[in-house]
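Everything below concerns the one structure shown next.
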Amino acid sequence: MNDIAVPHEADVLIIGSGPVGCTFARRLVEAGKNVLMIDAGAQLSRRYGEHLKNSYLFQKNIDLFVSVIKGHLLPLSTATNREPVLTLDPSAFSYDPDKYAGFSLRNQNPEQRKHLNLPAAAATYAVGGMATHWTCAIPRFHPEVERRHAGQNYPIDEKDMNRLYDEAESLLARSTSVFSASARHLLVKRVLRRAGEEFADVTELPLAVSDRADSAQTSAVTWSAADTVLGELADPAHTPPQGSFTLLPEHQCVRLEITGSGKRQKVQYAVVRNLRDVREEIRLRADTYVVACGAVPTPQLLFNSGVTLPALGRYLTEQPMSFCQVVLEQQHMDHVEEILRTESGGSADPASAAADRVADHRAAQLKQLHAGDKTADPVPFPPCERDPNLALLVSEGRPWHCQIHRDAFTYGAVPPNVDPRLIVDLRWFGISRPRPENKVTFSRRLRDTFDMPQPTFSFRLDEAERKETERMSRHMMRTAAALGGFMPGSEPVFLTPGLPLHIAGTTRMGRSALDSVVDEYSKVWHIDNLYLGGNGLHPFGNASNPTLTSVAMALHAVDTIVKGHPGH
C-alpha cells in the first residue's frame, strides 16, 4: 500500500472497514461524496474485506477455518494471573505480588477483576473487520423483544426500520434458499417438526450468502462480507462514476481533535499513525467523520479524544450463550429417504429430489461394498450435500435466538474420526438488558497492543437473566434430544463470557445525552460532524445476531449526512 498517495482531506473520513463502515462508504460515494476510509488492520484479500472462508480449502473442510479465526482475534482484556509459580526455577525472574499487580503486556490487565470480565471478548484488526470470518447470520431484531424494552421503543421509527431492513438485506445479499434444498438441511428440519409443537416454527436461518457458479460440482457458496457491501468499490482499481473512494490499510486513528464547548463542538481533524512506519503521524481533515471500528475500539477512540458523555462505555450488553454438538441418531440416518418423502409435494419438491440423491448414493455405496470395496461411504448423504442452516427465531415466549447449523468457531471443531456430515451444531444466544453498572472503562495508565487506553470490563448477569439463561439451556437440550446424541467433548455448556463477540450498548442510541451516546441519526451528542456505527449503538440488548440491524442503522445515518442533520 506504500504506492498509494495519502489524501489528507476528504468530504467524509470513515474509521473502520467492516460491513457498517462500508455501508457508509458505498452510499456516500453514490451520493457524490469523496470518501477516505482507514483501518488499523492489514488487507488480507485482493478485494477489500472479502470473507476468508470463500477459499476453496475452507469450502471443502470448514473445520480448518477454526485456526484462521483464532489467528485474527485479539483479546481485549486478560486478567493477570497473580498466583505464584511455585515450580519456577529459583534463579528465574519473579516479582513481589504485594508490590505489583502483575504483568501488563500482551493485553494482560492488572486492573481487570476476573469475575467481572468478558475474557473471550476480542477485536479483529483487518480490512473487513470481523466480517472476514463471521457466520453471516442476519436475522432481524424482534419488534417487541429486541426493539422495545421497559416501555421504550427503538429510537428509529418502526416503519422506517422495516424499510431500512429491506435495504440492508439487499446490501448483504440475504438468502434463505441457498441451503434449503440440501438433504441434510431438510432431514434436520423435518425431524424437529415431528418432535413437537415447540419446534413447529423451525425455519431457514437468514444468511448473507449466495450461490457460486460451480456449486453443482463443489457445493461451494460465496459468503458475504465487507466487499459485498462495497460492491464495485471493493475492487481497488475501480473508479466510481461519482465521488471517490480511497482505503488505507494499517492506518490507525489514535485521536480526534475536537474543538468548541458545551453543545457546539466539532471535529477538526483526525490524528492517524501509519502502522508500517509508526514514526509517521498524519492529520486527516474532513467535513464529516464516521467511527465504526467495533463496540469497544469505538468508545476507546472517543475516550482518547476527550469525549466525556456519561453513557460512553456504559449500558454494555452481551449474549449469554450455550452450545453443544449432536451426532445424528442412527434411526434418522437409516430412514433418511422415508423422512424426506413424507409429505413431499411430488417429484418437483426439493425434499423428493434430495431423497433421490440419498437413495442413489446409498445404492452406489452398497454396490461397492458388495464388490468387496471397503472404502465405500457408510454415510448416506452424498459428499456435496450442503450443511443444515436452520433457526428458531426470537419470539415473545422464547426470548433467545437458536442456530441449528454447522460452522467454524474457536470452539467445537470436529475430530477427524467423526464424519462432519453427521454433526449438527446448536448455538443458543440469550439476552442481557442494559444497566449502567455493566460497562467497559478505559485506563489512563495502561496501554493495549495498539498503544491505546486499556479496556477493562465490569459485567455480570442479574438474577432474572440467569434464570432465563437456564430456561434457554434446557430448551437447547430438548432440541438436541430430538436429533441425536452429544458428541464427546461437545456436551451442553455455557460458553466463556464474551465469546459470542456481540457486545452492544457501549455507544448506545437514545433520546438524551444523559443515557446515550448518539441520537436517532447516529450523531454523537453535541458534536456536529461526528457519527458512529456498529453494534455498540444497539440500546436494549439483543439475542439475535446484530450485524443486519447495525447496517440498517448506518443507512439511516447516511440519509442524514447527505441531507443534513435535522438539528442543524
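Just the heavy atoms: all of them, side chains too, but no hydrogens, waters or symmetry mates, feed the values below.
Under the 4.0 Å criterion applied to side-chain N and carboxylate O atoms, E257 and R283 are not assigned as salt-bridge partners. A salt bridge links D166 with R140: at least one charged nitrogen is closer than 4.0 Å to a carboxylate oxygen.
Here the CG-CG distance, from L248 to L284, works out to 7.5 Å after rounding to the nearest 0.5 Å. How far NE2 of H556 is from CG of L164: 6.0 Å, rounded to the nearest 0.5 Å. Here the OH atom belonging to Y531 is positioned 5.5 Å from the CD1 atom belonging to I561, to the nearest 0.5 angstrom. One finds the CG atom of L301 at 13.5 Å from the CZ atom of F450 (value rounded to the nearest 0.5 Å). Expressed to the nearest 0.5 Å, how far OG1 of T547 lies from CD1 of I138 amounts to 9.0 Å. Taking CE of M553 as the reference point, atom CG of L548 lies at 11.5 Å (rounded to 0.5 Å).
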Using side chain to side chain donor-acceptor pair (under 3.5 Å), reason through N542 and H502 one step at a time and then give a plain yes or no. CA-CA 9 Å; N542 50 283; H502 291 163; 5.5 Å; no

For H133 and T124, run side chain to side chain donor-acceptor pair (under 3.5 Å): C-alpha distance rounded to whole Å, both residues' side-chain angles, the deciding distance at 0.1 Å, then the answer. CA-CA 9 Å; H133 55 76; T124 295; 2.9 Å; yes

Derivation and outcome, salt bridge (charged side-chain N to carboxylate O under 4.0 Å, His left out), residues D407 and K53: CA-CA 10 Å; D407 205 350; K53 196 167 61 176; 2.8 Å; yes

Evaluate the criterion salt bridge (charged side-chain N to carboxylate O under 4.0 Å, His left out) for residue pair K563 and D559; output intermediate values, then yes/no. CA-CA 6 Å; K563 298 174 184 176; D559 290 342; 5.1 Å; no

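In plain terms, the two heavy atoms of S516 and M509 that are nearest each other are CB-C, 3.8 Å. Closest of all the heavy-atom pairs between V229 and R26 is O-CD, 2.8 Å. Of all the heavy atoms in S473 and S322, the pair that sits closest is CA-OG, 4.2 Å. Closest of all the heavy-atom pairs between C22 and A226 is SG-CB, 3.8 Å. Of all non-hydrogen atoms in A208 and L172, the two that sit nearest each other are CB-O, 3.2 Å. Scanning all heavy atoms of the two residues, the minimum distance from T23 to A554 falls at CG2-CB, 4.0 Å.
Using modelled atom types, no side-chain atom of N438 and backbone atom of T317 make a donor-acceptor pair closer than 3.5 Å. With hydrogens and angles disregarded, a donor-acceptor distance shorter than 3.5 Å links the side chain of Q112 to the backbone of F457. Here the side chain of Q43 pairs a donor or acceptor atom with the backbone of S45 at under 3.5 angstrom. The closest donor-acceptor contact from the side chain of Q319 to the backbone of P497 lies at 3.5 Å or more, if one exists at all. Checking side-chain atoms of N117 against main-chain N and O of S77 turns up a donor-acceptor pair under 3.5 Å. With hydrogens and angles disregarded, no donor-acceptor distance shorter than 3.5 Å links the side chain of E158 to the backbone of P143. In this structure, the side chain of N529 does not engage the main chain of K266 through any donor-acceptor pair within 3.5 Å. Side-chain N or O atoms of R508 include one that pairs as donor or acceptor with a backbone N or O of D515 at under 3.5 Å. In terms of modelled atom types and a separation under 3.5 Å, the side chain of E146 and the main chain of H142 share a donor-acceptor contact. In this structure a side-chain-to-backbone donor-acceptor pair under 3.5 Å is present from H72 to V68.
Side chains of N545 and Q403: a donor-acceptor N/O pair is present below 3.5 angstrom, by distance only. No hydrogens or angles considered: a donor-acceptor pair under 3.5 Å links the side chains of S550 and N535. Residues H538 and T549 bring no donor and acceptor atom of their side chains to less than 3.5 Å of each other. Under the 3.5 Å distance criterion, with hydrogens and angles disregarded, a donor-acceptor pair is assigned to the side chains of N107 and T449. For the residue pair E465/S432, the side-chain donor-acceptor check at 3.5 Å is not satisfied.
The number of heavy atoms from other shown groups lying within 6.0 Å of CZ (R447) is above 12. The 12-atom threshold is not exceeded at CZ of R466, counting heavy atoms of other residues, nucleotides or ligands nearer than 6.0 Å. Counting non-hydrogen atoms of other residues, nucleotides and ligands closer than 6.0 Å to CZ of R435 gives a total above 12.
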Which side-chain N or O atoms in residues 9-17 pair as donor and acceptor under 3.5 Å with protein atoms at least two apart or in another chain?
unit_1, atom_1, unit_2, atom_2, d
D11, OD2, N34, N, 2.8
S17, OG, D39, OD2, 2.7
S17, OG, G128, N, 2.9

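Between Y154 and F141, the ring planes are perpendicular. Angles over 60° get that label, and only those under 30° would be called parallel. Classified by interplanar angle (parallel below 30°, tilted 30° to 60°, perpendicular above 60°), the ring pair Y95/F103 is perpendicular. Note: W223 and H51 have tilted aromatic rings, judged against thresholds of 30 and 60 degrees for the angle between ring planes.
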